[in-house]
Amino acid sequence: LQAPTTNTLTSSVNPSSYNQSVTFKATVKGMDGGMPTGTVTFKKGSTTLGTATLSGGVATYTTSALVIGTHAITAVYGGSASFVGSTSNAVSQVVNAAVTTTALSSSANPSKTGNSVTFTATVTGKYGGTPTGTVTFKNGSTTLGSVTLNSGVAKYSTTTLTKGAHTITAAYGGSTNYSASSATLTQTEN
């Protein structure tokens, strides 16, 4: 006679960020006190994410591939000769845009008036990946130009800076998967 089972699913981090690794843990127990064996299938809605073998009544599945949004994750225990299969509670896994960091550098600082200066903005995601979108370069409150990221890097060159100190800002506007961020530097023109 097969014993009924309970099946409890938890998430290692919720909400999580884009590209962040999340581990789902299914704990399956026999209601007769026994230790179920067999496999657990992890699902996102009706889509199978993966399958894991129970060890000590626990099965885990780790992924960093969930897209932005809210996902209903369940764990389905397939049962065995001694234990009845069961489906876990649904975990609403929320995936948010990843935090980014923008770094800004100058090709020459200080520089000479009339000479070309190239500002390079490098945008990185907290959990890896390559941010996309645009970076807007500003001199104080004046917009110099907007440049599309290429492999996480945007460059802007100018020869029009006047003598003195300039506060240069590179502002990344964000995207579906990555949040906005910015960086500033003081560019001195002699």
Side-chain angles (χ1 to χ4, degrees), residues 9-25 42-45 47 49-50 60-74 90-190:
L9 181 65
T10 58
S11 166
S12 63
V13 53
N14 194 8
S16 59
S17 296
Y18 178 74
N19 251 18
Q20 184 178 8
S21 182
V22 180
T23 298
F24 297 103
K25 175 183 173 184
F42 294 86
K43 292 191 169 189
K44 182 186 74 172
T47 303
L49 295 174
T60 60
Y61 174 78
T62 301
T63 181
S64 59
L66 294 176
V67 298
I68 301 292
T70 303
H71 308 278
I73 309 296
T74 55
V91 170
S92 291
Q93 181 68 37
V94 177
V95 181
N96 295 322
V99 170
T100 64
T101 301
T102 296
L104 178 61
S105 63
S106 167
S107 61
N109 195 7
S111 58
K112 290 184 178 180
T113 303
N115 286 3
S116 180
V117 179
T118 299
F119 299 109
T120 300
T122 304
V123 183
T124 54
K126 185 173 183 179
Y127 300 101
T130 305
T132 57
T134 58
V135 173
T136 300
F137 292 87
K138 288 187 174 186
N139 176 12
S141 60
T142 303
T143 298
L144 297 173
S146 292
V147 180
T148 301
L149 284 171
N150 181 4
S151 299
V153 177
K155 294 176 181 282
Y156 179 84
S157 297
T158 181
T159 58
T160 61
L161 294 178
T162 56
K163 182 180 178 181
H166 302 270
T167 300
I168 306 298
T169 302
Y172 169 56
S175 66
T176 301
N177 294 329
Y178 295 95
S179 63
S181 61
S182 64
T184 61
L185 63 77
T186 300
Q187 177 70 32
T188 302
E189 289 283 308
N190 293 330

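For this chain, numbers begin at 1 and follow the sequence in order.
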Inset, instruction - Go through the steps for T118 and S157 under the test side-chain hydrogen bond (donor to acceptor under 3.5 Å, both in side chains), then give the verdict. - result: CA-CA 4 Å; T118 299; S157 297; 2.6 Å; yes
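- A side chain to side chain contact (heavy atoms under 4.5 Å, CB included) with S11 holds for exactly one of T23, I73, V22; it is V22.
- Atom CG of L161 is separated from atom CG of N115 by 11.0 Å, given to the nearest 0.5 angstrom.
- The CG atom of N139 sits 8.0 Å away from the OG1 atom of T160 when rounded to the nearest 0.5 Å.
- Counting all heavy atoms, side chain and backbone alike, S106 lies closest to V117 at OG-CG1, 3.5 Å.
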Legend entry - Full working for side-chain contact (heavy atoms from CB on, under 4.5 Å) between S116 and T159: CA-CA 4 Å; S116 180; T159 58; 3.8 Å; yes
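- A donor-acceptor pair under 3.5 Å links the side-chain atoms of T100 to the main chain of S179, judged by distance alone.
- Classified by interplanar angle (parallel below 30°, tilted 30° to 60°, perpendicular above 60°), the ring pair Y156/F137 is parallel.
- With rounding to the nearest 0.5 Å, the separation of CG in L104 from CD in Q187 is 9.0 Å.
- For the pair S146 and T136, the tightest heavy-atom approach, listed with the atom from each and the gap, is OG-OG1, 3.0 Å.
- Between Y178 and Y18, a ring centre-to-centre spacing shorter than 6.0 Å is recorded.
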Legend entry - Test side-chain contact (heavy atoms from CB on, under 4.5 Å) applied to V95 and V67, step by step: CA-CA 7 Å; V95 181; V67 298; over 6 Å; no
Inset, instruction - Assess whether side-chain hydrogen bond (donor to acceptor under 3.5 Å, both in side chains) is satisfied between T120 and K155, documenting all intermediate values. - result: CA-CA 4 Å; T120 300; K155 294 176 181 282; 3.2 Å; yes
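- Annotation for A121 and T102: closest pair CB-CG2, 4.3 Å, computed over non-hydrogen atoms.
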Inset, instruction - Step by step, work out the side-chain hydrogen bond (donor to acceptor under 3.5 Å, both in side chains) result for T184 and T169. - result: CA-CA 4 Å; T184 61; T169 302; 5.4 Å; no
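- Rounding to the nearest 0.5 Å gives a distance of 8.0 Å between OG of S92 and CG of N14.
- Here the closest non-hydrogen pair linking T124 and P131 is C-CG, 4.1 Å.
- The only member of T188, T113, N190 that meets side chain to side chain contact (heavy atoms under 4.5 Å, CB included) when paired with K163 is T113.
- The closest donor-acceptor contact from the side chain of T167 to the backbone of T186 lies at 3.5 Å or more, if one exists at all.
- Nearest heavy atom pair, residue P15 against residue N96, reads CB-ND2, 3.6 Å.
- In this structure, T132 and L149 have side chains that are not in contact, with every pair of non-hydrogen atoms separated by 4.5 Å or more.
- Judged by distance alone, with hydrogens and angles left aside, the side-chain atoms of Y61 form a donor-acceptor pair with the main-chain N or O of L49 at under 3.5 Å.
- Here CG of L66 is found 12.0 Å from OG of S17. Values are rounded to the nearest 0.5 Å.
- The line from NZ of K44 to CD of Q93 is 11.5 Å long, rounded to the nearest 0.5 Å.
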